[in-house]
Amino acid sequence: MRTSQFLLATQKETPADAEIVSHKLMLRTGMISKLASGIYTWLPMGLRVLKKVETVVREEMNRIGASELLMPAIQPAELWTESGRWDQYGPDMLRINDRHKREFCFGPTHEEVITDIARNKIRSYKQLPLSFFQIQMKFRDEIRPRFGVMRSREFLMKDAYSFHLDAESLEKTYQTMYEAYTKIFTRLGLNFRAVLADTGSIGGNFSHEFQVLANSGEDLLAFSDSSDYAANVERAEALPPAASATKSNEPIKTVNTENHYTVEQVCQFLAIQPQQLIKTLLVKGSDTEIVALALRGDHELNEIKAAKHPKVANPLQFVKDEAIQSQVGCKPGSIGPIKLNIPLIVDRDAAAISDFVCGANQENKHCLHVDWSRDVGEIEIADLRKVVPGDASPDGKGKLQFARGIEVGHIFQLGDKYSKAMNANVCDESGKAKPMLMGCYGIGISRIVAAAIEQNHDEQGIVWPEPLAPFQIALIPVNLHKSDRLKKMCEKIYSELKAAGYDVLYDDRQERPGVLFADCDLIGIPHRLVLGDKGLDANFIEYKARNSNETKELPLDNYLTELKNFVGVE
RNA sequence: CGGGGUGUAGCUCAGCCUGGUAGAGCACUGCGUUCGGGACGCAGGGGUCGUAGGUUCAAUUCCUGUCACCCCGACCA
């Protein structure tokens, strides 16, 4: 490609609304252009990178025998009503009506559609297992889109789905996908980790996320410092504490704590540590109106764990202050587990302390020296809290450390959730109809582009890993317009490089060399060839890699051979 | 959804308080000089000041509504 034929939309200044480095650089390099909040055009430069990611993903999907298809972006509501998700999915789903006022959505994901395909087209267990994938735009109406294409509303996703007769087959394909994902992210040159994950609204029971490690990441990950345990913090189990509760020797005492409501305020007022305080949260229950959750004052509720508890409504909803007032008779800041006429679930760590402080269920009052068995009675114990750094690793080996990550892939074993709801059955060996088991496997293609920049950049701009670069080689002539013989030579080299299979950007603009160099570094093209009259006289062309400061002089009559030492043909 | 902020040229912003219908730098066009790390001079082009209404002789400026965009929060027991 010649720069003169290409939209090189680079800019010196960073647009004001970009926050993180990948977003800034994607705007400055002219890869993307915003149309509306969370909605972007992929300009020619950006699209080249996006296609590179797509290619790697497609190759690895094909390699493991998944078949590519393309499902509609617009899906009828009926399908989602069948699976039960029309009501469940929430405002992330963009719902639209056609001219007949029929309801549709812009697909946020495609389990329903693929399940519909499967039930219509797959008849026998003999056809299984089968895997499909597509690379397609999804739309999720995020609460707050941000960071450019990192969290956009419209985004390109690879989603794959597998169908099986039994769990063994599902696990096998899951493992194959896991390995394919590992291969994909390795090929893309990303520093990533696979972590145990929550299954979220997709459903199912077993799942891993692939996280690109970056400080700008929105996900928090927990790693063991002495084993390969890794999990999303929202999923990491907090092990029961080693010591169990002792008894309180002192009688319970109610004290006045007027105007002190938060954990911090109460602790300061009573001169106690938050570890000695029990906070009680009221949430909506699944069968009952309200369920109470008790945690240690220094711990935070893990909403995902709580919502999974059979007695708690999923998704988690906190009870409104007015309802608390009418049910308990006090404001939220004074609730406690004693004589609370509400089903109670106590976190493991909270259950392990005694002689604690808690709300007295009376306005402005707290209780001291409380003891679970003496003052509250039988309690139900569950893992409710978020893990914190230093907690024991759930696999029993070492302690947990935290790091931030960008979720670029997620694989799930769905089981029969969709096949059962939508009657996607096959005949088994005995001729009986049986719901297929399913797996689903996603990769955020557009997000990978941003994640890769987060990991690969410097002061000058992007430093693309080879497989992602929009161009492999930049050919930069020095003062092209002044020298006819330089022009002739550059044309020759440009055709030779193309003929040799390289993806070249030939910068034939009439700009000063500094401008060309600066743009070349900003865009992050991995390999650079520079030729000027000086080189022509001395019979060399200069080579430099983007990630190195060293330049090399390659003999003009043999530069292609030498170049092969640095650059692979695609 | 709650809180905060911003909308003026393609980009980054000034002007607004103290009304008199617009400016800088970058980018763009032409000419000249320059030419291995984002050059310089001269001459240009480009804005119904987000939008609707109000006040006023006069509104980018003051008032009201509205839309868009950005940031923070959505743990409070």
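For the numbers below, each heavy atom of this structure counts, side chains included, while hydrogens, waters and symmetry mates do not. Every chain is numbered from 1 and lettered A, B, ... according to where its sequence line falls, protein lines coming before strand lines. Because the structure is a prediction, the values reported are computed rather than measured.
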Subject >> side-chain contact (heavy atoms from CB on, under 4.5 Å) between A/Y89 and A/R140, worked out >> reply: CA-CA 11 Å; A/Y89 208 92; A/R140 294 182 190 169; 3.9 Å; yes
Listed pairs under 3.5 Å, donor-acceptor, residues 280-288 of chain A side chains, sequence neighbours left out:
| from | atom 1 | to | atom 2 | distance (Å) |
| --- | --- | --- | --- | --- |
| A/S286 | OG | A/P310 | O | 2.6 |
| A/S286 | OG | A/K311 | O | 3.3 |
| A/T288 | OG1 | A/I290 | O | 3.2 |

Subject >> Sugar-phosphate or base contact per nucleotide [nucleotides 34-41 of chain B; S, B, -; heavy atom under 4.0 Å] >> reply: BBBBBB--
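- Comparing the same atom, C1', in B/C71 and in B/A77 gives a spacing of 28 Å after rounding to whole Å.
- Going from atom CD of A/Q317 over to atom P of B/C76 covers 18 Å, rounded to whole Å.
- Note: CD (A/E13) to P (B/C13) measures 8 Å, nearest angstrom.
- The CG-C1' distance, from A/L277 to B/C76, rounds to 13 Å in whole Å.
- Shown here, B/C49 forms no base pair; nothing in the strands shown gives a Watson-Crick or G-U wobble contact with both key distances under 3.5 Å.
- Salt bridge present: A/K386 and A/E300 bring a charged side-chain N and a carboxylate O closer than 4.0 Å.
- Ring geometry, A/Y494 versus A/Y506: the interplanar angle falls from 30° to 60°, so the pair is classed tilted.
- Only the C1' atoms considered, B/A27 is 7 Å distant from B/C11, to the nearest whole Å.
- Nucleotide B/A27 holds its C1' atom 16 Å from the CG atom of A/L27, rounded to whole Å.
- The partner of B/G73 is B/C1, by the rule that a Watson-Crick or G-U pair needs both atom distances under 3.5 Å.
- Atom pair A/E300:CD and B/G73:P shows a separation of 13 Å (rounding to whole Å applied).
- Atom NZ in A/K24 sits roughly 13 Å away from atom C1' in B/C71 (whole-Å rounding).
- Within the 4.0 Å cut-off from OP1 or OP2 of B/C70, at least one side-chain nitrogen or oxygen of A/S37 is found.
- Applying the side-chain hydrogen bond (donor to acceptor under 3.5 Å, both in side chains) rule to pairs touching residues 3-21 of chain A yields A/T3-A/D507, A/S4-A/D508, A/T10-A/D519, A/D17-A/K34, sequence neighbours excluded.
- Between A/I272 and A/L277, the shortest heavy-atom distance links the atoms CD1-CD1, 4.0 Å.
- The main-chain N or O of A/P526 is never found under 3.5 Å from a side-chain atom of A/R546 such that the two would form a donor-acceptor pair.
- Considering CZ of A/R28 and CD1 of A/I462, their distance stands at 9.5 Å, rounded to 0.5 Å.
- Across B/U21 and B/A39, the matching C1' atoms stand 37 Å from one another, rounded to whole Å.
- Proximity of residues 335-346 of chain A to RNA chain B (heavy atom under 4.0 angstrom from any strand atom) is restricted to A/I335.
- Taking the side-chain hydrogen bond (donor to acceptor under 3.5 Å, both in side chains) definition, one finds that A/S446 meets it with nothing, sequence neighbours left out.
- Judged as a side-chain hydrogen bond (donor to acceptor under 3.5 Å, both in side chains), and not counting sequence neighbours, the contacts of A/D219 are A/Q211.
- Using a 4.0 Å heavy-atom cutoff across all strands shown, A/E303 reaches at least one base atom of the nucleic acid.
- Figure legend: A/R95 and A/W86 shown as a cation-pi pair, the cationic atom lying under 6.0 angstrom from the six-membered ring centre and within 45 degrees of its axis.
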Please write out each protein N/O paired with an N/O of nucleotides 42-47 of chain B under 3.5 Å, distance rounded to 0.1 Å.
none

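- Distance check on atom P: B/G53 versus B/G30 gives 41 Å, rounded to whole Å.
- Residues meeting the side-chain contact (heavy atoms from CB on, under 4.5 Å) test with A/A238, sequence neighbours left out: A/K305, A/D383, A/R385, A/V387.
- Residue pairs meeting the salt bridge (charged side-chain N to carboxylate O under 4.0 Å, His left out) criterion with at least one partner in residues 527-536 of chain A, sequence neighbours excluded, are A/R485-A/D533, A/R528-A/E542.
- Shown here, B/G41 forms a base pair with B/C31; the pair counts as Watson-Crick or G-U wobble because both key distances fall under 3.5 Å.
- For B/G54 and B/A59, the P atoms lie 11 Å apart once the distance is rounded to whole Å.
- Rounded to whole Å, the P atom of B/U61 lies 10 Å from the corresponding atom of B/C17.
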Original post:
Can you check side-chain contact (heavy atoms from CB on, under 4.5 Å) on A/I278 and A/V370, steps first, answer last?
Top reply: CA-CA 10 Å; A/I278 292 294; A/V370 184; over 6 Å; no
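- Whole-Å rounding puts the A/E142 CD to B/C71 C1' distance at 17 Å.
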What's touching nucleotides 1-9 of chain B from the protein side, N or O pairs under 3.5 Å?
none

So which protein N/O to nucleotides 30-32 of chain B N/O distances come out below 3.5 Å?
none

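- Residues that satisfy the salt bridge (charged side-chain N to carboxylate O under 4.0 Å, His left out) test with A/R2, not counting sequence neighbours, are A/E491.
- Of all the heavy atoms in A/L531 and A/C490, the pair that sits closest is CD2-SG, 4.2 Å.
- One C1' atom belongs to B/C70, the other to B/G23, and the distance between them is 25 Å to the nearest Å.
- Atom name C1', nucleotides B/U55 and B/G65: the rounded distance is 15 Å, in whole Å.
- In this pair, A/H23 and A/Y40 present their aromatic rings perpendicular. The plane angle is above 60°, beyond the 30 to 60° band.
- Across all strands shown, B/A24 forms a Watson-Crick or G-U wobble pair, both distances under 3.5 Å, with B/U12.
- For the pair A/V283 and A/A16, both in contact range of RNA chain B, the more 5′-proximal nearest nucleotide belongs to A/A16.
- Both A/K34 and A/P15 sit near RNA chain B, but only A/P15 has its closest nucleotide nearer the 5' end.
- Closest non-hydrogen pair, A/I406 versus A/G217, comes out as CG1-CA, 3.6 Å.
- At least one side-chain nitrogen or oxygen of A/R146 sits closer than 4.0 Å to the OP1 or OP2 atom of B/C72.
- If you measure from atom CG of A/L35 to atom C1' of B/G10, you get 16 Å, rounded to the nearest angstrom.
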